[in-house]
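The next block holds one structure in the form of structure tokens; read it before the comments.
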Amino acid sequence: MSDNVYGMKCNSCGTVSYPKHAVCPNCRNETFIDVVIGGEGKVLTFTDVYALAIEYETRYLRLAIVELDDGIRVTGQLLDGEPKLGMRVKTVLGTVRQSGETAIQGLQFVSA
Amino acid sequence: MSDNVYGMKCNSCGTVSYPKHAVCPNCRNETFIDVVIGGEGKVLTFTDVYALAIEYETRYLRLAIVELDDGIRVTGQLLDGEPKLGMRVKTVLGTVRQSGETAIQGLQFVSA
Amino acid sequence: MNPVYIAGAGMTRFGRSEWSLMQLASVASLAALHHANLGDIPVDGVVVANMGAARMNRQTALGSALVDQLALYPAAAESVENGPASGASAFKVGVQAIASGMADVVLITGVERMRVVNGLEGTDFVSSLSHPEAEYIYGVTLPALAGMFARLFMDKFGVERKHLAMVAIKNHANAAKNPYAHIQQTVTMEGILTLPEAAVNNPPIAEPLHMFDCCPVSDGGASLVLVSETVAAKIGGPKVRVAGIGQATDTHTVHEREDPTDLKSVRIAAGIAFDRAGLTPQDVDVAELHDAFTILEIAESEASGFFPRGEGHKALERGETQLDGTLPINPSGGLKAKGHPVGATGVAQLVELTWQLRGECDARQVKDAKVAYACNFGGFGNNVVASVLQREA
Amino acid sequence: MNPVYIAGAGMTRFGRSEWSLMQLASVASLAALHHANLGDIPVDGVVVANMGAARMNRQTALGSALVDQLALYPAAAESVENGPASGASAFKVGVQAIASGMADVVLITGVERMRVVNGLEGTDFVSSLSHPEAEYIYGVTLPALAGMFARLFMDKFGVERKHLAMVAIKNHANAAKNPYAHIQQTVTMEGILTLPEAAVNNPPIAEPLHMFDCCPVSDGGASLVLVSETVAAKIGGPKVRVAGIGQATDTHTVHEREDPTDLKSVRIAAGIAFDRAGLTPQDVDVAELHDAFTILEIAESEASGFFPRGEGHKALERGETQLDGTLPINPSGGLKAKGHPVGATGVAQLVELTWQLRGECDARQVKDAKVAYACNFGGFGNNVVASVLQREA
Ligand SMILES: [Zn+2]
Ligand SMILES: [Zn+2]
């Protein structure tokens, strides 16, 4: 398994969901195939958060919800310097959290 | 406050309880005075436990419930080498757990 | 469903406390039990609302521990957790115990002791309610979710930072009249927004939210005594009836919601609660809303049905939600100023409303309050409990 | 109280699992939902039983998370914790939701993922249910409490280590017939007690208890679907009714109990459960007892009312509690061999009993089982839930 981020596509109705569920929110079917989540989209909302969880040594973290062009929405870290609502971004994979020895990989957004 | 271990004596019915409660188990009164717990008594039961909590570096810990001569029962660490049910012991105060920098004081039992 | 009454309500002062978790729980419980004046009628059940003791206080099985503190054996007991809505969930569980006929007297005690860990650890702990793979690993915290929600909501409906400040100013003013509140200091628009020093006084927490948009981290306990109709008749005194409870869940991640600014779970929960009560939002005389962040008071006041969507900030601006307005919101000071010991919060909202319905709130008493409403907001809106209480003559 | 039925039961295999907490919960839940065959009837409520996720898995608000996994929004949801009796407490809470008339279909899911932390951390976590000042600080763990209980109990009633071994041998033999059991390996008196190598095979854990007297540490999930009478009639199929639930608490510390060998809370809880069911211990065809330690199966078999005090080990010796005996105890293998994912255990006991009452247990099926009993033992006996289930024709 690579470090890609995966959602699921319902084997019955074809709905793509991210994150994964055990049951399709659209049709209640229970079998799926993995689909890679990512691509281009636009910033739906963002924040600079100073109230951080443990394991972050930065002063603040810039988080965003991005709506990808395929309609899927994702939460991740926005690396751009001057964010605006609606700005075009694309996803990249990077280390989003350091948990002990483990560097957790996830979605980050940069200007498209 | 010294490192003594305290129970409570009910201001209404005089019942001594250990550990403390917010309400007297005997009469439901809610005011008490502190009483020091300790003295001589006999081992009601004991165990050598090898399934230890964190913060213990020993191989096993010898724990006992002792019934003091005043009728109060206490749980603590038994330091004696050859424990038997009913054996006479007396309480001493010692470090019973090391929590980070803090040495927690509590009741230990030695042969009387 | 058998009718259920709130016979007593009590709490500790919220704030930083030197008391142990069980002392906080015991003091609140005894206050409620004394208030209820049960005499020799035994307590059948104890439900503790708590979110963080296992991690922050290294203690579990709080229901049994509280029974022991209060010497209530052999009363049934357990703990209920539903994130920040743990309090109202525990309340619901207690109500169902009585409504089912399996209990006559149930003590509900919400408690949290958070100041024992540092801020990072506390923030991280609460964020453990977010989605483990799609939110938590990114450093998502509750303030972050609130900041993202606020930015979108404000953009959509023309809400400005001054409106958020109005919520804070109102709730701090109310808290100044509440001896149980964590923060009893009033604030001004100048001090937190318009003067140059406001930037220092009121630093950003999760843009566009600043410090005075966020509730403090508090220790505290709050308790209710619930009784059956038979017991309520026996003990006499004012009768506060649980008129209706509604609960609704939504997607775990905020991003999966069709409209992330729509508090759908609040809308559904409030709808169920009012339906069961046979009442409408227009019947409500006083409300406690879950203002962990100022923006939430505005959004919940709409989703609960008090104001049309996008107009909560206008009602606020018109003063309608002030203590002397047409619908006073958060007379207690709210989470914003009364404080937010997570497990205690939902219970404390109902404690305030019980006191309001009994006319026991002194300087912050809402006149002639007969119907009261509480919204306890769990997760970031993924699990909401709405409650309607009614004073019977 | 409106009647409540168990319409479906399912679980994961217990043991060391690579699945996440939510995968364990989801798989168990879906098994129970499929078993119940609800068709289009919606689930109104979800109650998760869990003790350790906040500390061991860094996840909270599991009720909301499970709703999201199963896409059951807007179903109500919360978590219930009562130490090792979390499962039966959650079951009781779900039963009351339906009995009160506030819900028609409630999913109860117990789950624990413990193997993710090391043994010390896991043991320490569970011991956080002991008294913080009078037990926990001394290094008291659950095995320690069980060891002290066992020594006194054995001394008093002439129970020997061979009797403890008989419990283990019986329950391992049952587990070998249970595909869901953690340990599916039979053991012999020679191997764990009489041969010289037994000292190596079966080292001391908390004298006089040895390894084969103690349950393993397991991951796992177990689920039940509870329904109202109306829904039960609609879906058809076998009818397992919740005949009675009893719950009782005792002092937090073991040392404060008048007779520390008397499981008073089991006695009271069982008494209430049988009273409510209108049945007696003599009516029971199959029982699941909380044998986290072998000595507890013996002591609970007495305190539940099946055998006179001090005679449980004699009934065991006579083979009465074997699968083909007059009262089969722990046909599933019990906590001892089926495993003990703490929050799941109480639910799993009822899963086994539901299957037994439906005649779905294959090689370990108890013949003609019509009445079943479960004892879920919380704390070290300070909070016990007893349940009686009955198969309706
Ligand atoms: Zn589908
Ligand atoms: Zn007294």
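Values below: every heavy atom of this structure, side chains too, minus hydrogens, waters and symmetry copies. Residue numbering restarts at 1 for every chain, and letters A, B, ... go by the order of the sequence lines.
In this structure, chain A has no heavy atom under 4.5 Å from any part of V126(C). Contacts between F125(C) and chain A at a heavy-atom distance below 4.5 Å are absent for every atom of the residue. Interface residue E121(C): backbone and side-chain heavy atoms are both found under 4.5 Å from chain A. Interface remark: D155(C) contributes side-chain atoms only to the contact with chain A (heavy atom separation under 4.5 Å).
The existence of a salt bridge linking R97(A) and D124(C) is confirmed by a sub-4.0 Å separation between a basic side-chain nitrogen and an acidic carboxylate oxygen.
With R73(A) contributing its side chain and V254(C) its backbone, the two residues share no donor-acceptor pair below 3.5 Å. Of the possible donor and acceptor atoms, none in the side chain of T47(A) sits under 3.5 Å from a partner among the backbone N and O of G147(C). Put simply, the side chain of Q77(A) gets close to the backbone of Y138(C): a donor and an acceptor are under 3.5 Å apart. Remark: side-chain polar atoms of T141(C) are paired, donor with acceptor, to backbone N or O of A51(A) under 3.5 angstrom. In this structure, Y50(A) contributes its side chain and A206(C) its backbone to no donor-acceptor pair below 3.5 Å.
A 4.5 Å side-chain heavy-atom check between P260(C) and T45(A) finds every atom pair outside the cut-off. Within the 4.5 Å cutoff, the side chain of P19(A) has no heavy atoms near those of the E135(C) side chain. D48(A) has its side chain out of reach of P204(C): every pair of non-hydrogen atoms, C-beta onward, lies at least 4.5 Å apart.
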For this session: Could you walk me through whether R62(A) and E207(C) pass side chain to side chain contact (heavy atoms under 4.5 Å, CB included), step by step?
Result: CA-CA 9 Å; R62(A) 179 164 293 159; E207(C) 290 279 12; over 6 Å; no
For this session: Could you walk me through whether Y18(A) and H255(C) pass the side chain to side chain contact (heavy atoms under 4.5 Å, CB included) test, one step at a time?
Result: CA-CA 9 Å; Y18(A) 171 77; H255(C) 72 240; 3.5 Å; yes
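Because its NZ or CZ atom is both nearer than 6.0 Å to the ring centre of F46(A) and within 45° of the ring axis, R151(C) counts as a cation-pi partner of that residue.
In terms of heavy-atom pairs under 4.5 angstrom with chain C, the leader among V5(A), I104(A), L63(A) is L63(A). Contact count against chain C (heavy-atom pairs under 4.5 Å) is highest for L52(A) among L85(A), L52(A), I72(A).
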